[in-house]
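On a predicted model such as this, the values are computed, not experimentally measured, just so you know.
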Amino acid sequence: MKFDEFFDYHLNTKHSYFSVRNYPNRLSWENQPMVFKSYDSFEKYELNLDFINHSFLYYIAGLSAKKIYPNVEYYLRINPSAGALYPNEIYFQSRNNENIKDGIYHFDIKSSSITLLKEITNDGIEPLLNYKYKVNGFIFFISSLYFRSSWKYKNRAFRYCLLDSGHLLGTLEASSFLHDKKYKIIYDFDKKALNKLFNFSNEEFFQASVVVGSNSLEEVKQVCNLDLPKVDGTYYFEENELIQKAYEKSLSINQKHPQALNPNFFYNKEIFKQIVFKRRSIRDFILKAIKKDEFLKVLEILNEPITSDCDEIVDIYCVINRVVSMPLGLYKDNSYIKEGDFKTKAGYLCLEQDLGKDSAVTFFLTTKSKNYQAAYQKAGIIGHRLYLIANYLGYGCSGIGAYYDDEVCEFIEDNSMVLYALAIGN
């Protein structure tokens, strides 16, 4: 794969002042996709939060609230999603976990249950991760049903699928912290083989894996045979050739640099547990400043290591709008790039949304990475950390997946790929 060839996708999905006004999204409501997938003909086990391993699973992606409108039920989840479209699904292998049979599962989120797709003994998924020995614990796999997102966001949806996957990795990191487990994210594995194993057609594909467990001394004899039926996870599907090509061209991992260190969080677990469950995106800010020491705590959390086999560099730029005892300006790596009042500029860059200018701090995450899927998902993890630390300190947070790409680069004075924008404040 040629690097420049793949990044045609990123170039072709940039927003600009012109593109937003000349190519508006129009939604086909009669073709709105489902946001839940269910293997109804298989055995399900309802999660019991009195069991530690069940609680661990629930705090990754469980339902946190339900709203009822005329003719509509609207579910809120522990993990956020752009446009509440939830393109991601969670599958996992469990081995030697108390209160869970050894097997391959799908997380049936709507029913708060796990679906046993296949019991395992000496077989398993480990060989697809290049693991020779059985993993005692969990191996998670996160997929995307991209039409759930492209229904609204069109060609740009692959970006949102990756960011949303990163947020799920962030909830998995948070649940691991709450339940005293260690994790390692795996980006470099045979995704095509796994897609085939789960009998996916072109509407669903895997993006990331997470190992929460330890190697045993028992060898895995072979990859398990699932023999799964095709299950519709969208109700309606429109193929997007640009997204499918972008996925294919970004599968290989190049010159990866693993991160072996584990994050060290300072949260009170009882308080943090409530934050994880009640997390919400804020819709507007009241133009009130936050404290400098708390802003520095935010940066501390964002810069904690993320344990993975492919740790890409994601730069964090901060537009300081309202932080006590800090000058206004653009901030990066504990220093100012330039001082000045950029509130209006930040709002404009975020597609002229008030969130960008009314916040205390507006963040832009960028990269020069060639490992597109890994970099985007890392940005989602950092974004999720920002949600949680902001809420923990009593502030609101909102993710902003749409911005004027090239103009952000011009503003930060760096020719990078812009991955994500977020805002925090009162």
Side-chain angles (χ1 to χ4, degrees), residues 1-16 18-35 37 81-83 85-89 91 141-166 187-208 228 230-254 367 369-377 379-380 401-406 417-420:
M1 178 197 76
K2 293 181 180 179
F3 177 70
D4 292 337
E5 179 186 7
F6 168 68
F7 283 93
D8 285 346
Y9 169 77
H10 200 83
L11 291 171
N12 288 330
T13 58
K14 287 182 177 180
H15 280 318
S16 68
F18 174 83
S19 70
V20 168
R21 283 158 177 78
N22 287 275
Y23 303 101
N25 285 347
R26 293 181 175 87
L27 300 180
S28 177
W29 291 101
E30 66 274 15
N31 295 328
Q32 183 177 6
M34 301 182 299
V35 296
K37 182 178 182 180
S81 172
L85 300 175
Y86 297 104
N88 302 113
E89 293 288 330
Y91 304 81
F141 296 95
I142 297 174
S143 73
S144 285
L145 285 147
Y146 72 79
F147 181 65
R148 291 180 185 171
S149 185
S150 64
W151 169 76
K152 180 176 181 179
Y153 296 117
K154 311 306 179 190
N155 290 340
R156 198 176 170 97
F158 187 44
R159 297 188 184 205
Y160 290 104
C161 289
L162 292 169
L163 285 177
D164 281 5
S165 176
Y187 296 114
D188 191 8
F189 63 96
D190 193 341
K191 300 181 183 71
K192 283 188 174 181
L194 198 67
N195 294 339
K196 185 176 180 180
L197 179 66
F198 279 80
N199 198 24
F200 292 167
S201 47
N202 60 357
E203 71 269 17
E204 186 171 5
F205 45 66
F206 285 110
Q207 295 161 192
L228 293 175
K230 290 189 182 297
V231 173
D232 187 356
T234 57
Y235 159 71
Y236 182 83
F237 173 68
E238 289 182 6
E239 186 174 13
N240 185 303
E241 186 177 358
L242 186 64
I243 290 174
Q244 290 178 185
K245 284 184 177 179
Y247 174 71
E248 289 283 334
K249 291 179 179 179
S250 61
L251 280 173
S252 63
I253 298 291
N254 302 291
T367 192
S369 168
K370 296 184 180 182
N371 291 316
Y372 193 76
Q373 292 191 29
Y376 243 104
Q377 289 176 94
Y403 34 78
Y404 295 136
D405 296 68
D406 287 341
M417 285 195 306
V418 187
L419 303 173
Y420 207 180

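- Within the 3.5 Å criterion, the main-chain N or O of Phe200 finds no donor-acceptor partner in the side chain of Asn195.
- Thr234 and Arg148 are not linked by any side-chain donor-acceptor pair at a separation below 3.5 angstrom, with hydrogens and angles left out of the test.
- Put simply, OH on Tyr420 and CG on Leu162 are 12.0 Å apart, with the number rounded to the nearest 0.5 Å.
- Between Leu85 and Ser149, the shortest heavy-atom distance links the atoms CD1-CA, 3.9 Å.
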Test log, rule side-chain contact (heavy atoms from CB on, under 4.5 Å), inputs Trp29 and Asn31: CA-CA 5 Å; Trp29 291 101; Asn31 295 328; over 6 Å; no
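- With rounding to the nearest 0.5 Å, the separation of OH in Tyr404 from CZ in Phe18 is 12.5 Å.
- Side chain of Ser165 to backbone of Cys161: no donor-acceptor contact under 3.5 angstrom is found.
- In this view, Tyr235 satisfies the ring pair (Phe, Tyr, Trp, His ring centres under 6.0 Å) rule with no residue, not counting sequence neighbours.
- Interatomic distance, CG of Asn88 versus OG of Ser144, reported as 4.0 Å (0.5 Å rounding).
- For the residue pair Ala82 and Tyr160, the shortest heavy atom distance occurs at CB-CD2, 3.3 Å.
- Within a 6.0 Å radius of NZ in Lys192, no more than 12 heavy atoms belonging to other residues, nucleotides or ligands are found.
- The main-chain N or O of Leu228 is found under 3.5 Å from a side-chain atom of Asn199 such that the two form a donor-acceptor pair.
- Lys191 meets the side-chain hydrogen bond (donor to acceptor under 3.5 Å, both in side chains) test with no other residue; sequence neighbours excluded.
- Contact of the Ser150 side chain with the Glu238 side chain is not registered, since no non-hydrogen atoms from C-beta on lie closer than 4.5 Å.
- Atom-to-atom distance recorded for Asn371:CG and Ser252:OG is 7.5 Å, nearest 0.5 angstrom.
- Taking CZ of Phe158 as the reference point, atom OH of Tyr376 lies at 10.0 Å (rounded to 0.5 Å).
- Between Trp151 and Tyr236 there is no side-chain heavy-atom pair separated by less than 4.5 Å.
- You'll find the side chain of Ile142 stays beyond 4.5 Å of the side chain of Glu89, heavy atoms only.
- Thr367 meets the side-chain hydrogen bond (donor to acceptor under 3.5 Å, both in side chains) test with no other residue; sequence neighbours excluded.
- Applying side-chain hydrogen bond (donor to acceptor under 3.5 Å, both in side chains) to Tyr146 and the options Glu203, Glu239, Glu204, Gln244 leaves one that passes, Gln244.
- Using modelled atom types, one side-chain atom of Ser81 and one backbone atom of Tyr86 make a donor-acceptor pair closer than 3.5 Å.
- Between His15 and Asp406 the shortest side-chain heavy-atom distance does not fall below 4.5 Å.
- In this structure, Tyr372 contributes its side chain and Ala246 its backbone to no donor-acceptor pair below 3.5 Å.
- Distance alone, capped at 3.5 Å, is enough to place a donor-acceptor pair between the Tyr9 side chain and the Asn155 backbone.
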Could you walk me through whether Phe189 and Phe206 pass the ring pair (Phe, Tyr, Trp, His ring centres under 6.0 Å) check? CA-CA 10 Å; Phe189 63 96; Phe206 285 110; 7.4 Å; no
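- What you find for Tyr403 and Val418 is that their closest heavy atoms are OH-O, 3.0 Å.
- The CG atom of Asn240 sits 14.0 Å away from the CZ atom of Arg156 when rounded to the nearest 0.5 Å.
- Contact between Ile243 and Ala157 at its shortest, heavy atoms only, is CD1-CB, 3.9 Å.
- Of all heavy-atom pairs spanning Lys37 and Val231, the tightest one is CE-O, 3.6 Å.
- Closest heavy-atom contact between Ala375 and Leu419: O-CD1, 3.7 Å.
- Side-chain contact check for Ser143 versus Phe205: every heavy-atom pair is 4.5 Å or farther apart.
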Derivation and outcome, salt bridge (charged side-chain N to carboxylate O under 4.0 Å, His left out), residues Asp405 and Arg159: CA-CA 13 Å; Asp405 296 68; Arg159 297 188 184 205; 3.0 Å; yes
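- Residues Gln373 and Tyr187 have side chains not in contact (no heavy-atom distance under 4.5 Å, counting atoms from C-beta outward).
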Checking Gln377 against Leu163 for the side-chain contact (heavy atoms from CB on, under 4.5 Å) test, could you report, in this order, the C-alpha distance in whole Å, the side-chain angles of both residues, the deciding distance, and whether it holds? CA-CA 5 Å; Gln377 289 176 94; Leu163 285 177; over 6 Å; no
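- Salt bridge Asp190/Lys196: absent, no basic N to carboxylate O contact under 4.0 Å.
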